[in-house]
Peer 1: 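One structure, pasted below without further comment.
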Amino acid sequence: KMIQKIQRQPEFQARINPTQVKNPEYWSPDYVLVNFLKSHFVNYAINAGMVSNDTVAWVDFGYCRNKEEFIVGNEWNYDFDAEKMHMWKLKDFDVENNNIQNLIINNDVHMTGGCIVGGKTVWPTFDGLIQHSFGELYKNNLVDDDQTLWLMASLKKPEMFNLNIIPDHQLGHDSFVLFNNFNDTVK
C-alpha cells in the first residue's frame, strides 16, 4: 500500500518521463515490492539454514520461457569473493553530474537486476542497505525497482561491492553468460 500510494500520487506521475510510464516500476506496486524483497528472501534462506556454501546467488530465471533457453549440464563453479557483494553494471554512475531522482524519472538503468552474488555473511548488511535506500526514496515520494536500490547500496558502502562491467557484446544476454566470465569450468 505504501508503494501504491506513491505510484498513484499525481506529483510522482508528473515527474516520470512520459516515455517511461509504461514500465511496471511506475505503476505496479507488486513488481516494485518483489524486486525490493530479493535481498530479504535470500536473508530468509540464510537464516533458515537453507544455505550451506559461503556464497549465495539470486538469479532471475524469467528469461527461461521454454526448455531450449535453459542451459543444462554446466557445473556452477564460480570463484566469487565471499567477503563482497558482486553485481553487474551497464555503465558507471557519475555522482558529480547525476542524481538518483534523475535516474528514476528517466529510467536510466546502471545496474542489472537479474543477478547478484554475495557471501552469506554480507547479505544481511546488503539487505540493511536496501531497506535504508528504500526508506530514503520513500521519504522523497519516490519508489523504484532493485536496480536503483542496488546502485544506492553500492554508493553507500562501495568497499563492500565488486561491480563487474558487462562487456558491450554481452549486453542483453542472460545471467549465465555473465556468470560464465567467472566460471572455471566453462572457458
Side-chain angles (χ1 to χ4, degrees), residues 3 6-7 11-28 31-40 42-43 55-60 62-63 78 80-81 83-119 122-175 177-179 181-182:
I3 296 166
I6 288 178
Q7 287 177 329
E11 299 82 21
F12 175 78
Q13 294 172 359
R15 287 194 273 182
I16 304 305
N17 182 325
T19 64
Q20 299 300 322
V21 295
K22 66 186 179 302
N23 295 316
E25 55 266 40
Y26 303 118
W27 58 265
S28 173
Y31 176 84
V32 172
L33 182 63
V34 166
N35 282 288
F36 163 63
L37 290 174
K38 288 178 182 181
S39 60
H40 176 76
V42 172
N43 258 348
T55 57
V56 182
W58 174 281
V59 180
D60 289 349
Y63 73 89
Y78 306 103
F80 290 109
D81 181 349
E83 301 297 317
K84 302 262 186 188
M85 294 299 297
H86 303 268
M87 299 188 292
W88 284 262
K89 62 182 179 174
L90 305 169
K91 55 189 169 183
D92 290 321
F93 179 67
D94 183 356
V95 178
E96 295 193 17
N97 296 309
N98 209 342
N99 63 57
I100 297 299
Q101 178 177 304
N102 186 50
L103 297 185
I104 294 170
I105 64 177
N106 291 300
N107 198 23
D108 184 9
V109 179
H110 284 67
M111 311 292 282
T112 61
C115 58
I116 188 169
V117 179
V122 294
W123 273 96
T125 303
F126 178 66
D127 188 40
L129 290 169
I130 296 302
Q131 304 283 330
H132 181 78
S133 297
F134 184 85
E136 285 183 7
L137 291 182
Y138 189 79
K139 282 189 269 185
N140 289 288
N141 292 316
L142 293 167
V143 293
D144 205 3
D145 60 12
D146 52 350
Q147 296 160 331
T148 297
L149 295 171
W150 292 5
L151 174 62
M152 291 173 70
S154 72
L155 293 171
K156 284 221 177 300
K157 199 166 182 175
E159 69 279 4
M160 188 177 120
F161 294 89
N162 184 15
L163 303 179
N164 303 287
I165 189 76
I166 300 173
D168 288 343
H169 69 281
Q170 290 183 345
L171 290 175
H173 286 278
D174 63 62
S175 301
V177 171
L178 300 177
F179 281 179
N181 290 331
F182 302 91

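We're numbering straight along the sequence, starting at 1.
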Peer 1: For I6 and Y138, work out which heavy atoms get closest and say how close.
Peer 2: CD1-CD1, 3.0 Å
Peer 1: Using the side-chain contact (heavy atoms from CB on, under 4.5 Å) rule, take F134 and L149 through it: C-alpha gap first, then chi angles, then the decisive distance, then the call.
Peer 2: CA-CA 7 Å; F134 184 85; L149 295 171; 4.1 Å; yes
Peer 1: Could you give me the CA-CA distance, side-chain angles and deciding distance for V42 and I116, then say whether side-chain contact (heavy atoms from CB on, under 4.5 Å) is met?
Peer 2: CA-CA 11 Å; V42 172; I116 188 169; over 6 Å; no
Peer 1: How many angstroms lie between atom CG of N99 and atom CD1 of I104, to the nearest 0.5 angstrom?
Peer 2: 9.0 Å
Peer 1: With a 6.0 Å cut-off (strictly less than), is the heavy-atom count around NZ of K91, excluding the residue itself, greater than 12?
Peer 2: yes
Peer 1: Are V143 and F12 close enough, and set up right, to give a side-chain contact (heavy atoms from CB on, under 4.5 Å), and what steps lead you there?
Peer 2: CA-CA 9 Å; V143 293; F12 175 78; 4.1 Å; yes
Peer 1: Looking only at non-hydrogen atoms, find the nearest pair between M160 and V122 and report the distance.
Peer 2: CE-O, 3.9 Å
Peer 1: Taking all heavy atoms of W123 and all of S39, pick out the closest pair and write down the distance.
Peer 2: CZ3-CA, 3.8 Å
Peer 1: Any side-chain heavy atom of N162 sitting closer than 4.5 Å to one from V117?
Peer 2: no
Peer 1: Of N23, D108, N106, N107, which meets side-chain hydrogen bond (donor to acceptor under 3.5 Å, both in side chains) against N17?
Peer 2: N106
Peer 1: Starting at NZ of K89, measure out to CG of N164 and round the result to the nearest 0.5 Å.
Peer 2: 9.0 Å
Peer 1: How long is the straight-line distance from CE of M152 back to CZ of F93, given to the nearest 0.5 Å?
Peer 2: 9.5 Å
Peer 1: Which residue in the set D146, L163, L90, T148 passes side chain to side chain contact (heavy atoms under 4.5 Å, CB included) when paired with M111?
Peer 2: L163
Peer 1: I need the W150 CH2 to S133 OG distance, nearest 0.5 Å.
Peer 2: 12.5 Å
Peer 1: Taking K38 as the fixed residue, which of D60, D127, D145, N43 is the one that meets the side chain to side chain contact (heavy atoms under 4.5 Å, CB included) rule?
Peer 2: D60
Peer 1: Can you tell if the side chain of Q7 reaches within under 4.5 Å of the side chain of Y26, non-hydrogen atoms only?
Peer 2: no
Peer 1: Search all heavy atoms of A153 against all heavy atoms of I130 and return the closest pair with its distance.
Peer 2: CB-CD1, 4.0 Å
Peer 1: Distance from E25 atom CD to Q147 atom CD, nearest 0.5 Å?
Peer 2: 7.0 Å
Peer 1: Rounded to the nearest 0.5 Å, how far apart are CG of L142 and CD1 of I3?
Peer 2: 12.5 Å
Peer 1: Hey, is NZ on K22 packed in by over 12 heavy atoms from elsewhere, all under 6.0 Å?
Peer 2: yes
Peer 1: Within the structure provided, determine whether N141 and E11 are in side-chain contact (heavy-atom separation under 4.5 Å).
Peer 2: no
Peer 1: Aromatic rings F161 and F126: how do their planes relate, parallel, tilted or perpendicular, breaks at 30° and 60°?
Peer 2: perpendicular
Peer 1: Within a strict 4.5 Å, meaning less than it, do heavy atoms of the N140 and Q101 side chains meet?
Peer 2: no
Peer 1: Where does the angle between the aromatic ring planes of H86 and F80 fall among parallel (under 30°), tilted (30 to 60°) and perpendicular (over 60°)?
Peer 2: tilted
Peer 1: Does a side-chain heavy-atom distance below 4.5 Å link L155 with V95?
Peer 2: yes
